[in-house]
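Since the structure comes first, as structure tokens, the remarks are kept for the end.
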Amino acid sequence: MTGPIAIVDCNNFYASCERVFNPKLVGKPIVVLSNNDGMIIARSNEAKALGIPMGEPLFKIEHLVRQYDVKVFSSNYTLYGDMSHRVMATLEQFSPDVEIYSIDEAFVNFSGTPPLKLTSYAHEIRNTVKKWTGIPVSIGIANTKTLAKLANKFSKKVPELNGVLNIFEEKQEIIDSYLEKTNVEDIWGVGRQYTKMLYERGYYNALQLTKADDKFIRRKMTVMGLRTVMELRGIPCIKYEYSPPSKKAIISSRSFGKSVTEIEQVKEAVAYFTNIASQKLRHQKSSANILSVFLRTNPFKETTQYHNGVLIHLPAPTDITSEMIEYAMKGVDQIFKQGILYYKVGVMLSGIVPTDSVQFTLFDGKNRAKKADISKIVDMINMEHGAGTVVYARQGVKRDWRTRSEKKSPRYTTNWDELPKVK
DNA sequence: TCTGGGGTCCTAGGACCC
DNA sequence: TCTGGGGTCCTAGGACCC
């Protein structure tokens, strides 16, 4: 049995979040920057209309910013994360089966809704989300996830649709007309490399792709590509996930606000990222078998390039911050080289297992249990009193390697001191 | 001066085993 | 001259997503 699947996608999510608490920004071009205020990662429609591309470094569009008074923001993930929760909670009022796919998108299972009512129900959802959270969303509905994503693109692009396109059990010729109007690079699952390959072989739009030979697709695009093509044909291949499976890898990394050369600074940063990663690990009640540390220079600079990483197999799966920091420091010692301008470091935890399956060995004794308790207590204090209330000494206090973020909006919804003021 | 961070899945190839 | 076959596990690298 296959029912209708909807994708609900927030329009220009980060830019919309900035706008919710700052009505003066309505109608103004807005861009949001990556960590370090480096490049553009989100744009309002007005900014898109000015021809500002995604992923462009800020310095390359300074002239546009000045000329059109573009409002520029550093990314404010605390705000976006909280707004995301509000949107998702609203969706859960309408269906128990909400699969949160990313910070600004969710698949919603509509098996229980009569097909004739789908479109008006989607409009109702759209209006409610806007009213309750201030965030505009667009909704695509179809028989498969890939077709729902495709419908979603049109719901955004075509103003007459008012933010909703439903092609569930639509006549094949109507679906074909949408497929024909979709370039291969706009298909979910087709990226830059596959686009190039497909163009070279004369496949330009999604309709042509549905008629391609399965063996050819399998050979050139692996089973993933074949799944995409099947889904375009209306055959569901990509599962609907009710509750997200635990993460199989957890990464924490960031580029520095300035070049770093000293091993002590690298160690502080690595300890900091190890702490972040292990908190995420405990949050999903998991332990890790493998910890890897990596560091690299800035690939855009012409200084001596160096990148290296080290994979550390932990003697037993753990979720204890202090243990992980210890191993991470040894890892840094192994790969750190003198005389290098470091630009980015990070930590990855993998080989992840549920913590309840981990047995403490006879030799661990009380000491280890105590350490595990300390990690949990630190988490609790930081949750209650704000992140960073208690930190591990290794992380340093000065942290002058920190990321730049000079144009950040207040944490309107999560920080007592930064709530919007009533005049 | 200035170019993100955090994930997923698949495949090929090497090491090793019997 | 002739030099197996099948399996597992691991890692690196490449593709994709937002």
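Just so it is clear, the values below take in all heavy atoms, side chains as well, and ignore hydrogens, waters and symmetry mates. Naming convention: chains lettered A, B, ... in sequence-line order (proteins, then strands); numbering from 1 in each chain. Computed from a predicted structure; not experimentally measured.
Annotation: the span from Ile41(A) atom CD1 to Phe13(A) atom CZ amounts to 11.5 Å, rounded to 0.5 Å.
A sub-4.0 Å separation between OP1 or OP2 of dC9(B) and a side-chain N or O of Lys248(A) is present. Put simply, His313(A) has no side-chain N or O that comes within less than 4.0 Å of OP1 or OP2 on dC9(C). OP1 or OP2 of dG5(B) lies within a sub-4.0 Å distance of a side-chain N or O belonging to Ser255(A). OP1 and OP2 of dC2(B) both lie 4.0 Å or more from every side-chain N or O belonging to Tyr343(A). Regarding contacts with the backbone of dA15(C), every side-chain N or O of Lys220(A) stays at 4.0 angstrom or more from both OP1 and OP2. Between Ser253(A) and dG6(B) there is a side-chain polar atom (N or O) within less than 4.0 angstrom of OP1 or OP2. At dT3(B), none of the side-chain N or O atoms of Lys344(A) fall inside 4.0 Å of OP1 or OP2 (strictly under the cut-off). Close to dC18(C), at under 4.0 Å from its OP1 or OP2, lies a side-chain N or O of Lys149(A). For the OP1/OP2 pair of dC9(B) and a distance below 4.0 Å, the side-chain nitrogens and oxygens of Arg227(A) include no atom meeting the criterion. Considering only side-chain N and O atoms, Arg404(A) lies nowhere under 4.0 angstrom from the phosphate OP1 or OP2 of dT1(B).
Atom OH in Tyr101(A) sits roughly 11 Å away from atom P in dC9(B) (whole-Å rounding). Separating the CG atom of Asp104(A) from the P atom of dG7(B) is a distance of 16 Å, rounded to the nearest angstrom. Note: OH (Tyr80(A)) to P (dG4(B)) measures 16 Å, nearest angstrom. The distance from atom CZ of Arg254(A) to atom C1' of dT3(B) is 17 Å, rounded to the nearest whole Å. In this structure, Glu406(A) atom CD and dC2(B) atom P are separated by 13 Å, rounded to whole Å. Atom NZ in Lys145(A) sits about 15 Å away from atom P in dC17(C), given to the nearest Å. Taking atom CG of residue Leu226(A) and atom P of nucleotide dC9(B), one finds them 18 Å apart after rounding to whole Å. Between the CD1 atom of Ile251(A) and the P atom of dG7(B) there is a distance of 6 Å, given to the nearest Å.
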Under the ring-ring contact (aromatic ring centres under 6.0 Å, His included) rule, what do Tyr121(A) and Phe94(A) come out as? Steps first, then yes or no, please. CA-CA 9 Å; Tyr121(A) 198 48; Phe94(A) 287 90; 5.7 Å; yes
Show your working on side chain to side chain contact (heavy atoms under 4.5 Å, CB included) between Asn76(A) and Arg411(A) and close with a plain yes or no. CA-CA 7 Å; Asn76(A) 184 344; Arg411(A) 290 164 289 179; 3.8 Å; yes
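Using a 4.0 Å heavy-atom criterion, one finds that Lys301(A) contacts the sugar-phosphate atoms exclusively. Counting non-hydrogen atoms under 4.0 angstrom, Ile187(A) reaches the backbone sugars and phosphates but no base. Contacts of Arg219(A) with the nucleic acid, taken as non-hydrogen atoms under 4.0 Å apart, are absent. Residue contacts for Met39(A): at a heavy-atom cut-off of 4.0 Å it reaches a base atom on one of the strands shown. Contacts of Ile250(A) with the nucleic acid, taken as non-hydrogen atoms under 4.0 Å apart, involve only primed sugar atoms and P, OP1 or OP2. Counting any heavy atom pair closer than 4.0 Å across all strands shown, Leu311(A) reaches sugar-phosphate atoms only and no base atom. Contacts of Ser252(A) with the nucleic acid, taken as non-hydrogen atoms under 4.0 Å apart, involve only primed sugar atoms and P, OP1 or OP2.
As rounded to the nearest Å, dC17(B) and dG4(C) have C1' atoms that lie 14 Å from one another.
With dG4(B), dC18(C), dC10(B) as the candidates, the nucleotide lying closest to the side chain of Glu105(A) is dC18(C). Which of dC10(B), dT11(C), dG5(B) sits closest to the side chain of Thr222(A) comes down to dC10(B). Here the side chain of Val223(A) is nearest to one of dC10(B), dT3(B), dG5(B), namely dC10(B). Of the candidates dC10(B), dC16(C), dC17(C), dC16(C) carries the atom nearest the Tyr194(A) side chain, counting heavy atoms from C-beta on. Closest to the Tyr77(A) side chain, of the nucleotides dG4(B), dC17(C), dT11(B), is dG4(B).
The existence of a salt bridge linking Lys285(A) and Asp319(A) is excluded, since no basic side-chain nitrogen approaches an acidic carboxylate oxygen closer than 4.0 Å. Between Lys145(A) and Glu99(A) a salt bridge is recorded (basic side-chain N to carboxylate O distance below 4.0 Å). Of the charged side-chain nitrogens involved, none lies within less than 4.0 Å of a carboxylate oxygen, so that Lys157(A) and Asp186(A) do not count as a salt-bridged pair.
Under the 4.5 Å side-chain criterion, counting only non-hydrogen atoms from C-beta, Met324(A) is in contact with Leu281(A).
Aromatic ring orientation, Phe107(A) versus Tyr101(A): perpendicular (interplanar angle above 60°, classes split at 30° and 60°).
The nearest heavy atom of DNA chain B to Asp37(A) and to Ala249(A) marks one nucleotide each, and the one closer to the 5' end goes with Asp37(A). Heavy-atom distances to DNA chain B give each of Gly38(A) and Lys280(A) a nearest nucleotide, and the one nearer the 5′ end belongs to Gly38(A).
In this structure, dC18(B) forms a base pair with dG5(C), meeting either the Watson-Crick or the G-U wobble geometry with both donor-acceptor distances under 3.5 Å.
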